[in-house]
Structure formats: structure tokens, C-alpha cells
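These notes concern the structure reproduced below.
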Amino acid sequence: MTRPAKDFFAPLAVGAPTPLREIPARPSRAIHFFDPGNEKMAAKVPDMVGTVDVLLGNLEDAVKAENKERSRQGLVDIARATDFGPTQLWTRVNSLDSPWGLDDLVTLVTEIGDKLDVIMVPKVQGAEDIHYVDRLLAQLEAKAGLDRPILVHAILETARGVANVEEICGASPRMQGLSLGPADLAADRRMKTTRVGGGHPGYLVRQDPTRDDLGVPQYDAERTTYQQDLWHYTIARMVDACAMHGIYPYYGPFGDIKDVQACEDQFRNAFLLGCVGAWSLHPVQIAVANKVFSPSVEDVAHARRVIAAMGDGTGAVMIDGKMEDDASVKQCQVMVALADELAAIDPELKKQYDAIELEA
């Protein structure tokens, strides 16, 4: 039996905070992962505040079994000692079928729940996983006396999760968004790639053969190939599901740290399709994500021109030889709204966007 709609926004535990009716649009261009149990990484966290939109204490796959409890306690210590200011603090807990997932949730919510913005849940298979986390978080929030709900972010890492993506997005009012987990998803789908995100040179289309003067196809002649995006379908489906439910889609990890250009290309594909951010596995990827997921000055300037020219948003106008109408205005409003959100936390971007007005 489905849950009555009128009860959807009621707290799931006595004393728990009231669920949100709308997920706030907080900039999260880069979700930067760090191991809280690694002393060298932990020492860098305070200096990274304000330089990245999201800092995420990772407790899952990248942490060895014998270090799980140390990393959990490390995150507690870091959260207590750090003023995160404009930077959000997220965590990725261990999977729900692991020996550590429950202890992660109990410890983190009761000890640093007031500091945590989002809990990322790996390998989500369906709505039932979110329902479990939802109820447990409500009980723990009540126990800790929290006055706001901690949001939940699910990672799509299994074929079943992708098949159930719409119901996952709508499973709880605390759902903040989804991330693509390409490596685990590739394994679960039995895809023949060993890369962590990005493309593959074997996934391509080939130009048709040229023909000689008699019209005979020259199959042995050199033909151009075009590499395709392995993740286009999944990202597009994820974006649609998130948009339908008013939450936010993200590209996940790009494993080849040294290939900054390919990382930027993959991030930009995700940005153009509707994603709002991506994971950062190394500080160099923070700059890439901040660049890609921020509208360019040229795009913001054009968007503002269209909005100004369209007046009440009806009819159509010609700008630089192109027809702009009400659909154009809606697209431009998305760009301008994002620019305004980013300008509020990024002084350098604010300078660039404000300069557009001076040149207009």
C-alpha cells in the first residue's frame, strides 16, 4: 500500500524536524572527496574551506576495512574542529549491506548531525533503500535534537538502480540528488571497460567508405572515426528523473587524474545535459569543475540580452540573426539564475558577471 500523499511531509519520528518541501539550490560544482582517516588529507581540510563548494568525508570504497572506524572518527573530529562557512559538508557512508553502514549513520548523525548537510548513500537499488535511511535518519535526528533534516544523495551504481531511478528520486522529501557511479555500474552491467568514467576508444562510429570514379566503395581506404559517450543514455535518464522530482543530478568520478582535458570534456557533456556538478578526486579537478559548471561570461551576457529584449516573455525577437521566443527566455532564465547563485559564493565570478552590466 502506498503512503498517503498528505503524510509525505510529516516527520517519520516523534521529535524529528519537519521535512523540506523544496530542496534548496546550493552551488555544488565540485564535490571534493577526502579520507578523514588520512592525517595528511585531514590536515588540508581547513584550508580548503571556501575554495570548493562541497567537502565530502569518504568512508566507503577508498577506505580499507581495517581503517573504517578510524576514518569515521576522523570525520567526527574534523567536523567538530572546523568552521565550514560557505562550504557544505557531505559524507559518503558505507553501503547498506555492509557491516559499517549502520554505525556510520548512528555515529555521524548523533555526534555531528548539526554540521552535516548531505549523506551520500552508495549502491542504491530502489526506493526501499531510501525508505530505510529516511526512517532511521528521522529517529536519529530526533535523538540528537536537530532542527533541520539531513538530506540524502543516492549513487546510481547498479543496473537495478538505473531501472528504478524515478522511484528512487521520489522516495523521500529529503532526497537531494543523484550521482552517476560509472565504475560499479559498468561492472554490474557487464560492460567491457575498466575505466573509471570517461569514454572508450572502442565505442565509436566510422565514416562511410568513399567511392571511386565508378562508384565502388573503397572499404580499405582510410576512414575517420568518432568516439562516442558511453554514459550519455544514463546521464540523460538521471537528469530527467531528477528534474521531474525537483532534485539535482551530478556526474561522478573521472579516474584519470592526469588527463585534465578529457575530464573537462566529460564534465562539460554532463553540464550541457543538465548536471549541476561532479566529483573531484584530486584538487586539480576542483578547478576543472568550477570552470565547467559555471556559466561563461558570454553565455550570461547573451542570456541577459534575450531576457531584456523579450520584455513580458511573449512573442519573438531577432538577436544577432537568431530567433528568440518564450522557450529561449526559459533557457536563459536557467543560465542567469545559476550565475546569480554562484556569484553569491564566488567573489571572482561575481566580478566577471557584474562587469557584464558595465559593458551593456
Side-chain angles (χ1 to χ4, degrees), residues 24-64 67-93 104 107-109 111-120 150-151 153 176-177 179 196 248 250-261 263-264 267 271 276-294 338-339 341-353:
R26 299 186 64 184
S28 43
R29 294 164 292 181
I31 303 171
H32 183 66
F33 280 55
F34 69 93
D35 177 359
N38 182 314
E39 293 182 3
K40 185 177 179 181
M41 284 189 184
K44 295 178 180 179
V45 168
D47 292 334
M48 298 189 74
V49 170
T51 68
V52 61
D53 296 342
V54 177
L55 283 166
L56 183 145
N58 183 26
L59 306 181
E60 201 219 3
D61 284 353
V63 178
K64 291 184 177 181
N67 295 333
K68 294 291 187 181
E69 293 185 7
R70 185 174 71 183
S71 289
R72 184 193 302 138
Q73 185 58 47
L75 182 56
V76 171
D77 295 340
I78 291 170
R80 286 175 172 169
T82 306
D83 178 1
F84 288 91
T87 296
Q88 300 175 59
L89 176 63
W90 294 22
T91 184
R92 179 171 72 168
V93 296
D104 289 344
T107 300
L108 298 179
V109 176
E111 297 197 26
I112 57 168
D114 58 324
K115 290 289 192 79
L116 279 177
D117 293 286
V118 175
I119 291 176
M120 184 180 282
I150 298 171
L151 301 181
H153 183 105
Q176 181 273 342
S179 283
V196 178
Y248 302 102
Y250 297 77
Y251 184 78
F254 188 89
D256 191 343
I257 304 299
K258 293 184 178 180
D259 196 347
V260 177
Q261 183 61 62
C263 177
E264 181 173 332
F267 284 5
F271 173 69
V276 300
W279 297 7
S280 164
L281 306 181
H282 186 278
V284 70
Q285 294 182 340
I286 295 174
V288 176
N290 285 350
K291 172 187 174 182
V292 170
F293 291 97
S294 301
L338 176 57
E341 291 165 9
L342 295 175
I345 67 161
D346 191 323
E348 183 56 37
L349 271 181
K350 179 174 171 54
K351 287 181 184 178
Q352 296 176 31
Y353 294 152

To the nearest 0.5 Å, how far apart are NZ in Lys44 and CZ in Phe34? 12.5 Å
For side chain to side chain contact (heavy atoms under 4.5 Å, CB included), just list the numbers for Val118 and Arg26, CA-CA rounded to whole Å, side-chain angles, deciding distance to a tenth of an Å, and then say yes or no. CA-CA 12 Å; Val118 175; Arg26 299 186 64 184; over 6 Å; no
Return yes when atom CD of Glu69 has more than 12 non-hydrogen atoms of other residues, nucleotides or ligands closer than 6.0 Å, and no otherwise. no
Closest non-hydrogen contact found for Lys115 with Thr82 is NZ-O, 2.8 Å
Rounded to the nearest 0.5 Å, how far does OG1 of Thr51 lie from CG of Asp346? 10.5 Å
Candidate pair Leu108 and Leu59, rule side chain to side chain contact (heavy atoms under 4.5 Å, CB included), full reasoning: CA-CA 11 Å; Leu108 298 179; Leu59 306 181; 3.8 Å; yes
For Arg70 against Gly37, the heavy-atom pair lying closest together: NE-O, 3.6 Å
Contact summary for Leu75 and Ile112, nearest pair of heavy atoms: O-CD1, 4.0 Å
Asn58 side chain to Phe33 backbone, donor-acceptor under 3.5 Å: no
Take Tyr250 and Ser28 through the side chain to side chain donor-acceptor pair (under 3.5 Å) test and state the conclusion after the steps. CA-CA 9 Å; Tyr250 297 77; Ser28 43; 2.6 Å; yes
Residue pairs passing the side chain to side chain donor-acceptor pair (under 3.5 Å) test with at least one member in residues 31-42, sequence neighbours excluded, are His32-Ser280, Asp35-Ser71
So Ser294 and Tyr353, do their side chains get closer than 4.5 Å, heavy atoms only? yes
Closest non-hydrogen atom pair between Phe84 and Val49, with its separation: O-CG1, 3.2 Å
Strictly distance-based, threshold 3.5 Å: is any side-chain N or O of Gln88 a donor or acceptor partner for the main-chain N or O of Pro27? yes
d(His153 NE2, Ile119 CD1) to nearest 0.5 Å is 12.5 Å
How far does CG of Asp53 sit from OG1 of Thr87, to the nearest 0.5 angstrom? 7.0 Å
Any donor-acceptor pair under 3.5 Å from Asp117 side chain to Leu89 backbone: yes
Rounded to the nearest 0.5 Å, what's the gap from CG on Asp104 to CD on Glu60? Could you check? 9.5 Å
When you measure from the side chain of Ser179 to the backbone N and O of Gly252, does any donor-acceptor pair fall under 3.5 Å? no
Output side-chain donor-acceptor pairs under 3.5 Å for residues 284-293, partner residues at least two apart or in another chain, one line each.
residue	atom	partner	partner atom	Å
Gln285	OE1	Leu281	N	2.9
Gln285	NE2	Phe254	O	3.0
Lys291	NZ	Glu264	OE2	3.1

Can you list the residues that meet the salt bridge (Lys or Arg N to Asp or Glu O under 4.0 Å) rule with Lys64, with sequence neighbours excluded? none
Please report the shortest heavy-atom distance between Glu111 and Arg80, naming the atom on each side. OE1-NH2, 3.0 Å
Treating Lys350 as the side-chain partner and Ile345 as the backbone partner, does any N or O pair qualify as donor plus acceptor under 3.5 Å? no
Locate the shortest heavy-atom distance separating Trp279 from Pro253; write the atom from each residue and the value. CE3-CD, 3.4 Å
Side chain to side chain contact (heavy atoms under 4.5 Å, CB included), that's the test. Do Asp61 and Arg92 meet it? Break it down for me. CA-CA 9 Å; Asp61 284 353; Arg92 179 171 72 168; 4.2 Å; yes
